[in-house]
**Student:** 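Below you'll find the structure I mean.
Proteins come first, then strands; the chains are lettered A, B, ... in the order of their sequence lines, and each starts at number 1. Values reported hereafter were calculated over all heavy atoms of this structure, with side chains retained and with hydrogens, waters and symmetry mates removed.
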Amino acid sequence: MENNDIIRPENLVYKRPALLSENHMHYCPGCSHGVVHKLVAEVIEEMGLAESAIGVAPVGCAVFAYNYIDIDWMEAAHGRATAMATAAKRLQPDKLVFTYQGDGDFSAIGTCESIHSCNRGENIAIIFINNAIYGMTGGQMAPTTLLGQKTATCPYGRRADLNGYPLAITPLLAQLDGTCYVTRQSVHKPANVRKAKAAIKKAFQNSLDGKGTSVVEIVATCNTGWKLTPEKANLWMEENMFAKYPLGDLKDVDAKK
Amino acid sequence: MAKIKGAVTVETERCKGCNLCVVACPCQVLDLQKKEVNNRGYHFAYMAQPDKCIGCASCALVCPDGCVEVYKVVEK
Amino acid sequence: MKDQVTLMKGNEALAMAMIRYGADGYFGYPITPQSEVLEKLEEEMPWDTTGMVVLQAESEVSAINMVYAGACCGKAVCTSTSSPGFSLMQEGMSYMSASEVPALVINVMRGGPGLGTIHPSQADYFQACKGGGHGDYHPIVLAPSSVQEMADFVGLAWDLAFKYRCVSMILVDGLIGQMMEKVVLPEQKPRRTEDQIREQCPWAINGRKGMRPKNIITSLELDDDKMEANNERFQATYREIEKNEVRCELVNTDDCDYLMVAFGSMARIGMKTMELAAEEGIKIGLVRPITLWPFPTKEIAEAAKGKKGVFVPELSCGQMIEDVKLAVECKLPVEFYGRTGGNVPSPEELLDALKNKLINK
């Protein structure tokens, strides 16, 4: 059977979701953001929420998320996405409201808003991309940067005595009564991509069902910031990031039942 | 016994040549163009060994830019 | 119910007027001397009657960003705060102005700088009128001088915000926030339905119903020429506001020798000063700016013609006086008298100051 016989509409098993726009994404080659964007678009499409989804974009590399996923978006000030999502959801309870934030946005400048939104149990979903670095501004140290990891602002490696310790924020959030689902996923392998998608879907469904706040942390790569090829960045993540940020569910109120 | 045959298309202008699909493919079907580049200068991915494709979509799942479409037929 | 006169604090009148306007949401953080706004709203429980959302945020920073989101959704949303909290809100003011979304922000001023005092002040005039955050922007700034105006200006501020897609402010000092007076509240209006919002605010973030093109609200534009075009559009709106929306009250300005320009509580004290002066045969007229931005420049220039001098009392070290000097182009003496630290001058004190600075100099 020739390729031309296989490549026919009736044989199509995977394509880019229609909600992922034709715009070429500005992300570096191999960036995890692209995969997560694709998953968010797929989930919204599959859940039939294209007409009622509202995204809150962060400041950071994903600042232009609104150019790539074809739903309504508002662009937050740095760190304030969950505050915005809080109001958007309370004022429009029938909508799906989610934030998409990086580790600088969510767990540095926005820590206060992040914790209090989760603690209030806002019926929003939070997609939290943790790549242990500030990507957009040129690879500076993030709260999540690992000890010993080199960045533009800890060029000799992060030291606890100088820079404090890496912040794992999701375990903190899992302790709050307002969260219903807190999970850590990755998108570096096909199986992980499938799991991450299921997690995002669950988070969105929780929001619609009014169960409280769902947090999906994606442990991700920033190959440019890490100064590695995309392939090696994935390996480095497996070897180093997963020790500090192990994958899996940290909290799932449904699982207790 | 049914035989699964797959094929992929790559939207070459969207591809950034990150190589993640090449690594993800369990059947070593894909590779990056060695010399040819797209309009933005990237060595884009292509089916180097099309006969080996089983249409598993691993490449498409990990593709950050959504450039890969996957087709599959089951030959009786 | 109609025209029913009630006695309440200025801050409470703000809260009641929000509910009566058909507001969709209030997001605030307690700070003296405006905490009664949130307290009154929580007491009234409007979520059970009109469906209005009321939320105590974890900070002023969070509150203003909640307002930002509500405004992006085309909702009638507001916050209130006092000076230190307003400083924290400047980022949000700038973002909302850049995003061209309608919102109401109320600052019941207290004395600064820093934590300062919890007593009245007008020292946030610059911050409110000149754009306290980054970039070129203006909110419309309304300055009530009575509890009745506190109630009336809530609706006016929101109407203006929606008309021009800009931020409206009520800038008032703690004196009027805390003072109890008679007030007739506006009639209850229904909250707008989602369909009405979709019609009135086609730009709003409320989901792509019917798969309409997506709406994006952002203050970011990295293309230099497009960002400049954005600024030109903002400025064109501001020029339009300056043309249409200047409001001020003129008292005895035709028949006087000296002109007083004062806003808010200082205008009330100034009214009494005028009476005291008249008893001594000194003729004073008063211009009370109701919109501090746009500033009644022409009205002041007109009223100042042929006068012997202009007197500007403020609860600050002198802020509005700069705009008064610009208005009269320094063609006649413009003298200042101010008190700070939460001190409020008496009418006699103002008259003495006016005499010392303009008459017996």
Side-chain angles (χ1 to χ4, degrees), chain A residues 18-19 21 23 26 44 48-60 63-97 99 109-120 122 124 136, chain C residues 23-27 47 51-77 79 89-96 98-99 101 103 133 191 194 197 203-222:
Chain A
L19 283 180
S21 87
N23 295 332
H26 71 281
I44 292 172
L49 299 171
E51 295 189 34
S52 64
I54 294 173
V56 185
V59 170
V63 66
F64 289 123
Y66 52 72
N67 284 336
Y68 307 134
I69 302 174
D70 287 338
I71 56 166
D72 274 11
W73 284 93
M74 52 182 91
E75 165 59 40
H78 200 17
R80 318 294 171 224
T82 59
M84 289 192 85
T86 293
K89 179 67 179 179
R90 285 188 180 232
L91 291 161
Q92 305 182 102
D94 57 326
K95 305 287 190 285
L96 168 74
V97 180
T99 70
I109 193 166
T111 311
C112 179
E113 285 78 5
S114 302
I115 287 179
H116 283 281
S117 301
C118 288
N119 193 49
R120 285 191 303 263
E122 300 296 344
I124 58 172
M136 185 178 71
Chain C
D24 296 301
Y26 171 92
F27 306 90
W47 49 89
M52 178 185 181
V53 170
V54 181
L55 181 62
Q56 179 171 334
E58 65 270 28
S59 69
E60 286 91 349
V61 174
S62 188
I64 194 76
N65 283 284
M66 290 172 180
V67 169
Y68 182 16
C72 289
C73 299
K75 300 283 184 174
V77 286
T79 186
M89 292 184 177
Q90 296 313 309
E91 175 191 56
M93 295 289 290
S94 171
Y95 279 64
M96 287 194 288
S99 302
V101 291
R191 284 176 55 237
E194 183 174 326
I197 291 173
W203 43 264
I205 304 301
N206 43 20
R208 299 177 60 193
K209 192 179 175 188
M211 287 311 278
R212 65 147 167 74
K214 67 176 169 183
N215 282 341
I216 297 168
I217 293 186
T218 178
S219 60
L220 178 68
E221 179 51 70
L222 293 181

**Student:** Less than 4.5 Å to any heavy atom of chain C: does that hold for the side chain of A/Ala53, its backbone, both, or neither?
**Tutor:**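 Just its backbone gets close to chain C.
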**Student:** List the atom of A/Ala83, the atom of C/Met66, and the distance in Å for their closest heavy-atom pair.
**Tutor:** O-CG, 3.3 Å
**Student:** Evaluate the side chain to side chain contact (heavy atoms under 4.5 Å, CB included) criterion for residues C/Ile205 and A/Gln92: first the C-alpha distance (whole Å), next the side-chain angles of each, then the deciding distance (0.1 Å), finally the verdict.
**Tutor:** CA-CA 10 Å; C/Ile205 304 301; A/Gln92 305 182 102; 5.6 Å; no
**Student:** Is chain C contacted by the side chain of A/Asn119, its backbone, both, or neither, given a heavy-atom distance below 4.5 Å?
**Tutor:**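 No part of it gets close to chain C.
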**Student:** Looking just at side-chain N and O atoms, do A/Glu113 and A/Ser117 make a donor-acceptor pair shorter than 3.5 Å?
**Tutor:**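 Side-chain D/A pair, A/Glu113 to A/Ser117: absent.
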**Student:** For A/Arg80 and C/Tyr68, run side chain to side chain contact (heavy atoms under 4.5 Å, CB included): C-alpha distance rounded to whole Å, both residues' side-chain angles, the deciding distance at 0.1 Å, then the answer.
**Tutor:** CA-CA 10 Å; A/Arg80 318 294 171 224; C/Tyr68 182 16; over 6 Å; no
**Student:** Contact part of A/Val63 toward chain C, heavy-atom cut-off under 4.5 Å: side chain, backbone, both or neither?
**Tutor:**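 Side chain of A/Val63 only, per the 4.5 Å heavy-atom cut-off to chain C.
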**Student:** Side chain from CB out, backbone as N, CA, C, O: work out which of these in A/Ile69 comes under 4.5 Å of a heavy atom of chain C, or both, or neither.
**Tutor:**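 Answer is backbone: N, CA, C or O of A/Ile69 sit under 4.5 Å from chain C.
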**Student:** Measure the SG-CD1 distance between C/Cys73 and A/Ile54 for me, rounded to the nearest 0.5 Å.
**Tutor:** 5.0 Å
**Student:** Tell me, out of A/Glu75, A/Arg120, A/Met84, who's got the most heavy-atom pairs with chain C below 4.5 Å.
**Tutor:** A/Met84
**Student:** Heavy-atom distance under 4.5 Å to chain A: side chain of C/Val77, backbone, both or neither?
**Tutor:** side chain
**Student:** Report the option among A/Thr82, A/Val56, A/Ile71, A/Thr86 that has the most heavy-atom pairs separated by less than 4.5 Å from atoms of chain C.
**Tutor:** A/Ile71
**Student:** Determine the minimum heavy-atom distance between C/Met96 and C/Ala103, stating which atoms define it.
**Tutor:** SD-CB, 3.7 Å
